[in-house]
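What follows is a set of notes on a single structure, which appears directly below.
We name chains A, B, ... by the order of the sequence lines, and we start the count at 1 in each one.
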There are 2 protein chains.
Amino acid sequence: MQPRKTTIHDIAIRLSLSASTVSRALNNSPRISLKTREKVRNAAAELNYKPNHLAMNLRKGKGTTIGVIVPRLNRHFFSHAISGIESVINPTNYNLMICQTNEDYETEVKGLQSFVNHRLDGIIMSIATGTKKTGHIEYVVKEGIPLVLFDRMMGKISVDQVFNDNFAGSYDMTKHLIEQGYRKIIYFSGPLHLELYTDRYNGYRKALADSSIGFENEWLFTDVLTQSRGEEVAKILIKSDNIPDAIFAASDFSALGALLVFKNAGYAIPGQIGIAGFANEPFTGLISPAMTTLEQYSEELGRSAARMLIERMEFTTGLGAPNFVVVKPKLIVRGSTLRVPAGKERNEELISETV
Amino acid sequence: MQPRKTTIHDIAIRLSLSASTVSRALNNSPRISLKTREKVRNAAAELNYKPNHLAMNLRKGKGTTIGVIVPRLNRHFFSHAISGIESVINPTNYNLMICQTNEDYETEVKGLQSFVNHRLDGIIMSIATGTKKTGHIEYVVKEGIPLVLFDRMMGKISVDQVFNDNFAGSYDMTKHLIEQGYRKIIYFSGPLHLELYTDRYNGYRKALADSSIGFENEWLFTDVLTQSRGEEVAKILIKSDNIPDAIFAASDFSALGALLVFKNAGYAIPGQIGIAGFANEPFTGLISPAMTTLEQYSEELGRSAARMLIERMEFTTGLGAPNFVVVKPKLIVRGSTLRVPAGKERNEELISETV
DNA sequence: TTGTAGGCGTTATCAT
DNA sequence: ATGATAACGCCTACAA
């Protein structure tokens with residue numbers, strides 16, 4: 001614990017200069033002679049000077065920190081999205097402040113508030129499943145803080161957004177299942193108050209309708225996103241002797257739960273039952289049978305979000321019309337749903353590499 | 001974009017009070033009458049006042065942000081450690097600023113420097129594998145900023161540390177392999193300039209020695225931590241016909257790479273070759289055969305680190321003697337190494353649940 | 001119980 | 001090319 005940190009004043013005194021000169025020299029202002037700049041730099045190094053960003057930001061009315069809010073850090077999807085964000089942010093001189101909500105609304109509000117109080121310059125966020133109200137987000141927008149929503153879209157809010165074409169992904173997957181001969185396709189959904197999940201659900205429904213396959217209300221299970229929920233529902237299905245041809249889950253994790261339960265119960269996958277997920281989490285390529293799923297290009301999503309945010313921050317054109325970036329997920333077909341003999345009605349284009 | 005944000009002065013003017021009164025009222029100072037406090041609170045809400053943390057921190061010379069530096073966010077180990085940290089930090093009014101180094105030294109230095117400049121109040125960090133010098137860390141310590149090192153220990157630096165007993169974990173694993181009848185046990189290590197990895201390596205060597213099993217220099221492969229490196233080395237082993245009895249990898253990921261290569265090449269696991277990893281990443285329980293590995297209790301590690309940091313920050317007793325927390329990893333025995341018939345020399349205590 | 005004044009470290013404006 | 005001064009928004013002696 002040293003008494004006090006070196007400031008530009010200390011440097012100024014040491015060199016018999018004024019603080020403003022030192023400040024300018026440190027900022028490489030052309031108004032200061034090269035010789036002086038050199039002297040100042042040396043003295044700064046000698047005195048171990050470290051700029052105080054708090055003071056800088058206070059004075060300038062803006063800082064260099066971007067806040068990121070995600071539901072969970074330990075999802076491949078989000079950690080890779082963050083990697084994408086970082087790859088764009090790192091070369092700039094912005095810093096990342098990350099906060100995870102654990103899908104909880106209160107935590108989300110608190111985190112966002114803290115970002116506002118800290119006068120962060122921009123925010124990238126993905127809404128928690130627990131979030132049903134959007135006042136806190138609209139507030140940030142009204143406050144004039146650049147904000148980009150990502151993955152969990154929110155049609156009502158007029159703000160930049162980056163997300164997957166969930167409808168299309170879901171549609172493609174369902175079509176694939178139908179092509180493989182599955183007819184009774186049960187759907188594991190997330191909470192339907194999130195557009196993300198209604199879109200996925202609608203894509204599934206549309207594909208069924210387009211193939212003239214009837215839909216039964218009991219085919220839909222909501223809030224089945226985790227492995228344990230997937231296991232629960234799978235056990236219920238087995239116990240009630242309500243065995244589906246296939247399960248399409250809006251989450252790889254619940255798909256995994258179902259796959260394990262059915263496999264343990266002795267069902268042949270993909271023979272008796274097909275199972276597909278959503279997100280292409282790394283484990284989907286490692287289990288057996290490997291799981292059919294949808295690649296969401298999370299890293300690219302993150303990069304896009306970061307780029308959009310920086311755009312907003314630099315060209316602070318007030319509240320222009322919001323921009324949207326939509327990324328179409330890619331169908332990754334693997335063993336858990338592939339049962340049509342090769343060369344028959346199998347669509348070669350659908351077959352992707354398995355990691 | 002509104003013209004300017006509300007400050008305590010605005011509230012003061014509105015209520016014909018002084019700014020200091022408002023400040024005190026907002027901070028619930030008993031020196032201000034309850035009635036005034038109430039009035040101030042209302043006015044603040046009405047004017048949509050948000051405290052400026054930059055100014056607060058500048059004035060107080062300290063803030064409420066804790067920095068976390070990890071090599072990779074997308075490792076189960078680190079994302080769970082962060083969850084642990086958060087579970088301790090969230091109830092306080094500190095915030096987390098997270099930075100990932102991608103195992104790169106330069107990024108680590110830059111991140112740490114940025115933390116110092118932002119006057120963060122405390123730092124929890126795990127050193128990048130690319131880091132060989134420690135000056136930047138010692139600097140932070142000398143600067144008087146509370147710092148806790150975690151997972152990647154650094155014996156030379158006098159600072160609080162939380163880490164696994166890597167020697168013991170590695171020793172246990174090697175013993176287990178020997179008990180299973182494996183003799184030629186090849187070792188995939190991380191870079192040996194990190195104590196973490198020398199400790200693991202030494203545990204392995206000690207177990208071999210204690211069982212009077214000779215060690216050959218070609219059994220050691222360094223810098224084999226990723227899946228792709230694991231695959232590379234496995235292919236080299238097969239090509240050179242240098243087939244081991246078992247592989248013990250200091251990383252689940254390189255173990256995975258080897259497992260896949262040997263499995264694809266038609267080797268029976270655990271029959272012809274046993275494979276074990278380190279970290280208990282979720283996929284280890286999902287692949288087949290499921291992988292034997294070591295649980296590191298990352299969440300607990302994170303919690304301990306956060307607790308130690310807060311301790312240091314609150315009771316800022318200068319530079320007291322550093323504290324250490326050591327957590328012993330737990331052996332998780334699964335199919336990839338288990339081949340001794342039950343009831344023979346198999347040690348029941350070693351058999352743990354498979355998640 | 002409240003007000004006044006000064007300063008945290010920096011930078012922008014205006015002068016010299 | 002450099003200096004003096006004020007201000008960013010808040011807090012805290014000290015004074016009243």
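- What separates CG of Leu47(B) from P of dG9(D) is a distance of 14 Å, to the nearest Å.
- Between Glu143(A) and Lys5(B) there is a salt bridge, since at least one side-chain N of the basic residue sits less than 4.0 Å from a carboxylate O of the acidic one.
- A heavy-atom distance below 4.5 Å is not found between the side chains of Arg303(B) and Ile85(B).
- Within 4.0 Å of Ser16(A), counting heavy atoms only, lie sugar-phosphate atoms of the nucleic acid but no base atom.
- When the side chain to side chain donor-acceptor pair (under 3.5 Å) test is applied to Thr64(A), no partner is found at least two apart in sequence or on another chain.
- We find that Glu103(A) and Arg152(A) are joined by a salt bridge, their nearest charged nitrogen and carboxylate oxygen being less than 4.0 Å apart.
- Taking only distance into account, the side chain of Thr36(A) never meets the base of dA1(D) through a donor-acceptor pair shorter than 3.5 Å.
- Two residues, Leu54(A) and Val22(B), neighbour DNA chain C, and the one matched to the more 5' nucleotide by heavy-atom proximity is Val22(B).
- If you take CD1 of Ile11(A) and C1' of dT10(C), they are 12 Å apart, rounded to a whole angstrom.
- Below the 3.5 angstrom threshold, one finds no donor paired with an acceptor across the side chain of Ser20(A) and the base of dT10(C).
- Within the nucleic acid shown, Leu17(A) comes within 4.0 Å of sugar-phosphate atoms alone, with no base atom in reach, counting heavy atoms only.
- Looking at heavy-atom distances under 4.0 Å, Ser33(A) makes contact with sugar-phosphate atoms alone, never a base.
- Atom CE of Met56(A) and atom P of dC8(C) are 18 Å apart (whole Å).
- Relative ring orientation between Phe150(A) and Phe77(A) is described as parallel, the plane-to-plane angle staying below 30° on a 0-90° scale split at 30° and 60°.
- What separates CG of Leu26(A) from P of dA12(C) is a distance of 13 Å, to the nearest Å.
- When rounded to the nearest whole Å, the span between NZ of Lys60(B) and P of dG9(D) equals 17 Å.
- Within residues 111-121 of chain A, no residue has any heavy atom closer than 4.0 Å to DNA chain D.
- Judged by distance alone, with hydrogens and angles left aside, Arg37(B) brings no side-chain donor or acceptor close enough to the base of dT2(C) to form a pair under 3.5 Å.
- Note: NE2 (His9(B)) to P (dA7(D)) measures 11 Å, nearest angstrom.
- Side chains of Gln113(B) and His136(B): no donor on one and acceptor on the other come within 3.5 Å.
- When the options Asn164(B), Val148(B), Val162(B), Leu301(B) are evaluated for a side chain to side chain contact (heavy atoms under 4.5 Å, CB included) with Val325(B), the one that passes is Val162(B).
- With distances taken from any side-chain atom of Ala55(B) to the nucleotides dT10(C), dT2(D), dG9(D), the minimum falls on dG9(D).
- The side chain of Arg24(A) lies closest to dG3(D), out of dT10(C), dG3(D), dA12(C).
- Within the nucleic acid shown, Asn57(B) has no heavy atom closer than 4.0 Å to any nucleic acid atom.
- Of all nucleotides listed (dG9(C), dT2(D), dA13(D)), dG9(C) comes nearest to the side chain of Thr7(A).
- Atom CG in Asn52(A) sits roughly 12 Å away from atom P in dC8(C) (whole-Å rounding).
- Evaluation of atom-type donor-acceptor distances gives a pair under 3.5 Å for the side chain of Arg31(A) against the base of dT2(D).
- Residue Ser18(B) places at least one side-chain N or O under 4.0 Å from the OP1 or OP2 atom of dG3(C).
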Review item, side-chain donor-acceptor pairs of residues 24-31 of chain A, under 3.5 Å, at least two apart:
from: Asn27(A); atom 1: ND2; to: Ser23(A); atom 2: O; distance (Å): 3.0
from: Asn28(A); atom 1: OD1; to: Arg37(A); atom 2: NH1; distance (Å): 3.0
from: Ser29(A); atom 1: OG; to: Arg31(A); atom 2: N; distance (Å): 3.0

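- Separating the CD1 atom of Ile8(B) from the P atom of dA7(D) is a distance of 16 Å, rounded to the nearest angstrom.
- Across dC10(D), dT10(C), dT2(D), the shortest atom-to-atom separation from the side chain of Ile32(A) is found for dT2(D).
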